[in-house]
Amino acid sequence: MKSAVIVFPGSNCDRDVAVSLERTTGHAPLMHWHGDSALPEDLDLIVIPGGFSYGDYLRCGAMAARAAVMPAVRRAADRSVAVLGICNGFQVLCETGLLPGALMRNRDLRFLCKDVYLRVETTDTIFTSHYGPGQVIRIPIAHHDGNYVADLPTQCMLEDEDRVVFRYCDAGGKTTDEANPNGSLDNIAGILSEERNVLGLMPHPERLADPRLGGTDGQPLFASLLEALS
Amino acid sequence: MTEITPEIVAEHGLSPDEYDRVLEILGREPNLTELGIFSVMWSEHCSYKSSKKWLKTLPTSAPWVIQGPGENAGVVDIGDGLTAVFKMESHNHPSFIEPYQGAATGVGGILRDVFTMGARPVANLNALRFGAPDHPKTRHLISGVVAGIGGYGNCVGVPTVGGEVNFHPDYNGNILVNAMTVGIAPADRIFYSKASGVGNPVVYVGSKTGRDGIHGATMASAEFTAESEEKRPTVQVGDPFTEKLLIEACQELMATDAIVAIQDMGAAGLTSSSFEMASKGGLGVALALDRVPMREAGMTPYELMLSESQERMLMVLEPGKEPLAEAIFRKWDLDFAVIGHLTDTGRMVLTWHGDTVADLPIDPLAEAAPEYDRPWTPTPTQAVVDAAVVPEVPWTEALPTLMGSPDLASRRWIWEQYDHMVMGDTVQRPGGDAAVVRIHGTDRGLAMTTDCTPRYVRADPVMGGRQAVAEAWRNLTAVGARPLAVTDNMNFGNPEKPEIMGQFVGACQGLAEACRVLDFPVVSGNVSLYNETEGRAIPPTPTIGGVGVIASLDRMATVAFKAPGEAILVVGETTVPREGGGWLGQSLYLRELCNREVGAPPPVDLEHERAVGDAVRDLIEAGRVSACHDVSDGGLLVAVSEMALAGDLGATLEGLAETPAALFGEDQGRYVVTVPADQVEAVLADLGPLARRIGTTGGAGAAATITLGDASVPLSALREAHEGWLPGVMGA
Amino acid sequence: MKARVHVTLKPGVLDPQGKAIAHALQALGFDGVNEARQGKVIELDLADDVAGDPEAVRARVDDMCRKLLANTVIETYRIDLDA
Amino acid sequence: MKARVHVTLKPGVLDPQGKAIAHALQALGFDGVNEARQGKVIELDLADDVAGDPEAVRARVDDMCRKLLANTVIETYRIDLDA
Ligand SMILES: Nc1ncnc2c1ncn2[C@@H]1O[C@H](COP(=O)(O)OP(=O)(O)O)[C@@H](O)[C@H]1O
Ligand SMILES: [Mg+2]
């Protein structure tokens with residue numbers, strides 16, 4: 001599996017996800033600078049990492065979405081290359097239109113960094129095949145703007161096409177309002193593109209993929225990718 | 001040209017005596033720019049004129065200390081060719097005026113101190129003191145300060161992993177915001193601020209200079225009044241995104257051999273950075289101020305020298321390396337300008353479009369800054385509180401009250417607003433004794449903590465000073481770390497008052513004693529004086545930031561109870577002063593349940609502290625304890641409850657006198673540990689009189705309680721009190 | 001020449017910031033605030049050679065809005081030109 | 001009745017957001033943007049019983065600005081009333 005992590009000015013989870021990828025695949029991903037508009041042709045996976053690209057100024061992900069490298073990311077996505085956007089990366093993908101909807105300020109207006117429970121809504125993806133259907137996993141979030149919004153037709157489409165991948169839930173798997181940390185529509189934490197090769201999610205699977213850090217529920221995501229893409 | 005009148009001199013915070021010294025050094029009258037430079041260089045903030053004499057008494061060396069006080073940050077050896085670089089700094093006044101930006105720029109400033117030295121910042125901590133929770137301003141200050149610390153640290157991508165928070169009405173008009181950064185640098189690539197090489201280029205990088213915070217340094221050195229709040233001086237606005245770029249650009253440049261010396265522009269910006277670099281190198285400097293990147297039109301040399309715009313650095317480069325450095329800074333979209341060069345004149349010569357606008361001798365100004373031996377009176381000794389006369393509230397009532405009291409309640413509402421996991425190495429998150437950050441790519445850890453108990457320091461500055469150091473040492477020990485060194489942040493009132501100066505002198509004495517006995521030297525620090533409002537001083541607050549190293553993360557302790565049926569031991573109880581007693585003077589029991597803040601604070605027996613801590617660390621390193629927590633605020637029963645909450649397991653206690661003194665006394669030098677049942681006898685035998693068993697863990701989920709004798713308190717009630725208080729205050 | 005771009009949330013999009021403002025105003029004792037909504041204003045100072053024909057300038061700023069300044073999934077915008 | 005409050009940074013106060021916007025516009029090929037500054041607009045919908053005398057309403061909104069909506073250490077504000 002050949003992967004690249006796109007580095008924007010202000011990205012700050014680029015190293016973290018590279019560590020997870022390297023642990024999974026045995027070799028380091030390519031760290032690709034945002035200003036370089038040409039991506040290698042033979043990539044299997046492009047990761048848009050978390051952080052505060054361009055300081056999250058104006059709108060989270062807005063400026064990164066217009067960076068020089070993004071047309072190449074879009075072309076790769078169109079060629080069915082897997083694209084994973086984590087946190088700020090999810091925001092970037094929504095801003096580019098590769099994923100529908102938008103991410104607004106958290107309901108309580110505060111930045112929130114904590115472990116949350118997620119229910120795996122579909123395992124029919126290259127990102128989640130190593131989870132069980134309906135499995136409840138614990139993964140951290142760390143964001144100020146993770147409140148997913150979309151209009152009703154979009155919401156129905158995501159639902160009908162089985163494109164909601166993760167929902168915030170409680171420890172028992174119930175998608176209650178209290179378990180929704182940011183006010184997201186329908187407790188949505190992660191969604192797929194129509195072709196199912198682009199995933200955006202607010203939680204950080206790379207932050208709990210190492211027993212030393214207190215959990216490994218993020219690891220199957222990387223293992224799923226490895227299996228699907230090698 | 002502006003004529004220098006006595007009023008102008010006074011506005012610049014210089015006393016008539018100090019101005020006479022200016023005249024003497026120059027042999028003429030200064031112009032306004034020169035006066036401004038003198039004023040910031042000789043401000044309390046930059047010159048340490050009231051504190052220097054006493055700071056010199058602190059122990060600062062140990063075999064593992066690579067750089068003690070005097071540089072941007074302290075540096076200690078952590079093995080494997082790596083060093084820890086750290087410092088703490090206050091941003092009290094700005095945070096009171098504009099909590100978000102004040103706190104944010106405080107974080108930005110301390111980060112720069114650390115990455116200037118070549119370190120990559122790996123963790124931030126913050127020690128906060130607010131006024132009474134019900135004071136009308138407190139909520140607004142908490143929410144602004146916390147959002148500001150988070151806003152900056154989160155964006156820069158450095159985890160905020162720990163800190164402390166106290167509330168006291170005497171901080172109502174003067175909160176404290178102390179920020180600490182810990183970084184890691186290779187031992188052979190540390191960068192210093194000492195300039196060398198006559199002719200070498202002096203380079204400005206980072207953000208442009210605007211009219212931000214002009215006179216911030218002199219303001220931070222003056223007492224607060226209602227009027228100064230009205231004046232609302234320009235507060236600096238932080239730009240964490242630019243700081244992040246600056247970190248990356250500096251790291252990239254530091255990997256080359258282009259840098260001779262580097263210094264961040266902190267308080268007093270360009271003035272103090274250029275002076276310090278030249279002064280340390282015994283050189284002169286010539287700067288063409290018109291080349292400084294400017295954000296606004298019409299700026300004057302005076303403003304450029306005094307601006308406190310953030311996210312800026314000054315460097316001396318190897319000759320010929322300018323293009324290399326410029327390419328790196330341009331790549332990161334940062335300003336870069338060669339603004340001058342080093343000279344052999346020993347003078348600072350500033351020009352503006354070719355005209356000389358200031359010409360000052362460097363050494364007399366930087367080194368002959370005033371140094372005072374201010375009169376001081378020792379703090380009167382407080383009577384020891386007789387435990388027998390303290391009202392007894394049943395423990396089942398006292399415990400939930402304490403667990404939900406302002407100084408003991410959970411700070412989750414705060415640390416959840418800080419990204420404490422970014423960088424992927426946070427092994428112990430906030431909530432334990434010390435935070436632990438893995439040294440990237442290894443299986444070793446850095447432990448870090450901040451500590452001070454201001455009510456102890458106020459009652460007895462010497463003992464309180466000792467206690468602050470001892471508690472930091474204890475918190476590091478409790479996770480299994482070997483404590484290495486401290487940074488101190490001395491927050492006090494007006495040093496011109498002998499009783500305040502007495503607090504400062506006493507605290508320094510206590511700090512020094514503890515640092516010496518515990519082998520825990522001071523490697524960096526910061527002094528913030530004049531923390532007063534309308535003549536009322538804050539409680540003396542010498543905040544201690546401690547750093548230690550864990551040799552193997554497999555041998556690290558955490559506070560959470562791990563399994564039911566394990567023995568609970570208290571280690572180090574021999575300081576209990578009287579038969580069946582405990583130390584209630586200045587305890588939270590006395591304050592929260594009897595409404596009295598009186599008495600002598602608990603004594604700190606440093607030899608005992610060391611013996612107990614070393615024994616506990618040995619146990620942890622040998623993998624013989626399953627959980628460990630030091631006993632501090634609130635005493636033994638609070639410590640046990642905190643462990644129970646963290647592990648979601650109850651405890652049944654035995655053999656404890658059901659008195660406030662035994663249960664809530666704040667005797668120092670103690671730890672609670674748990675040990676698997678089959679190993680208790682061996683551990684007790686090894687510890688001898690240092691330890692005794694006080695109970696057994698057990699009871700999970702809804703059935704969990706803290707039980708003692710015939711009575712018990714459900715863990716759920718403690719959790720509600722503990723977790724509910726701060727969200728309740730903040731209305732969310 | 002100055003252009004002022006007002007970016008506001010589309011009607012119907014929930015506005016957590018606006019809601020919090022209305023709430024805080026009420027808590028401060030300001031009754032009678034039915035609703036509050038928060039938007040952005042971006043003030044652009046345009047170079048003189050760019051200015052000139054107001055219609056051309058407006059078209060240009062409109063282009064900026066669609067390409068960057070507004071997220072038309074959730075926001076609408078309005079452009080004011082200052083002479 | 002609607003009141004619109006414009007909150008902007010005082011002149012001279014650093015505006016990191018504005019700076020980044022100007023920069024991004026330039027990177028997108030929009031030349032000639034000398035400067036960008038970002039502010040907020042807060043739109044308040046006031047209950048009818050509160051409305052009425054415009055001067056009284058203005059005074060009330062002004063009070064809201066000083067107490068909550070603007071941070072007068074670094075920001076200034078302007079109030080527009082809609083009939
Ligand atoms: N402002 C803060 N930011 C981050 N963490 C904090 C803050 N205040 C307290 N904490 C964390 O809460 C826990 C309890 O703090 P404290 O009671 O001061 O610990 P101790 O008594 O061991 O010194 C610690 O893990 C500490 O790091
Ligand atoms: Mg502790």
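In what follows, chains are A, B, ... by sequence order, proteins preceding strands, each numbered from 1.
With hydrogens and angles ignored, the 3.5 Å screen pairs no side-chain donor or acceptor of A/Arg212 with any backbone N or O of B/Val427. Here the side chain of B/Asn154 pairs no donor or acceptor atom with the backbone of A/Phe111 at under 3.5 angstrom.
The contact between A/Tyr57 and chain B is made entirely by side chain atoms (from C-beta outward), counting heavy-atom distances below 4.5 Å. Residue contact with chain B, scored on non-hydrogen atoms closer than 4.5 Å, involves the side chain of A/Asp16 exclusively.
Between A/Tyr54 and B/Phe241 the shortest side-chain heavy-atom distance falls below 4.5 Å.
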Output, in order, the C-alpha distance, side-chain angles, deciding distance and verdict of side-chain contact (heavy atoms from CB on, under 4.5 Å) for B/Arg429 and A/Asp115. CA-CA 11 Å; B/Arg429 303 182 191 178; A/Asp115 288 355; 3.0 Å; yes
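Per-residue heavy-atom pair counts under 4.5 Å with chain B were compared for A/Ala142, A/Gly35, A/Pro9, and the maximum is reached by A/Pro9. Contact tally against chain B (heavy-atom pairs below 4.5 Å) for A/Asp210, A/Asp56, A/Val19: the top residue is A/Asp210. Between chain A and the residues B/Asp333, B/Leu553, B/Ile247, the most heavy-atom pairs under 4.5 angstrom are made by B/Leu553. Of the residues considered (B/Asp425, B/Thr426, B/Leu245, B/Asp554), B/Asp554 shows the highest number of contacts with chain A, using heavy-atom pairs under 4.5 Å. Annotation: maximal heavy-atom pairing with chain A below 4.5 Å, among B/Val158, B/Asp239, B/Val156, B/Val146, occurs at B/Asp239. Contact count versus chain A (heavy atoms, under 4.5 Å) is highest, among B/Arg412, B/His420, B/Glu248, B/Gln428, for B/His420. For the options B/Met556, B/Arg438, B/His440, heavy-atom pairs under 4.5 Å to chain A are most numerous at B/His440. Of all the listed residues (B/Pro240, B/Gly157, B/Gly424), the one sharing the greatest number of non-hydrogen pairs under 4.5 Å with chain A is B/Gly424.
Residues A/Cys113 and B/Met421 come closest through the heavy atom pair SG-CE, 3.6 Å. Shortest non-hydrogen contact noted between A/Ser11 and B/Lys244 is O-CE, 3.2 Å. Taking each heavy atom of A/Gly55 and B/Cys155 in turn, the nearest pair found is CA-SG, 4.0 Å.
Here B/Asp419 does not pair with A/Lys114 in a salt bridge; the nearest charged N to carboxylate O distance is not below 4.0 Å.
Judged by the 6.0 Å distance and 45° axis criteria, B/Lys331 is positioned over the aromatic ring of A/Trp33.
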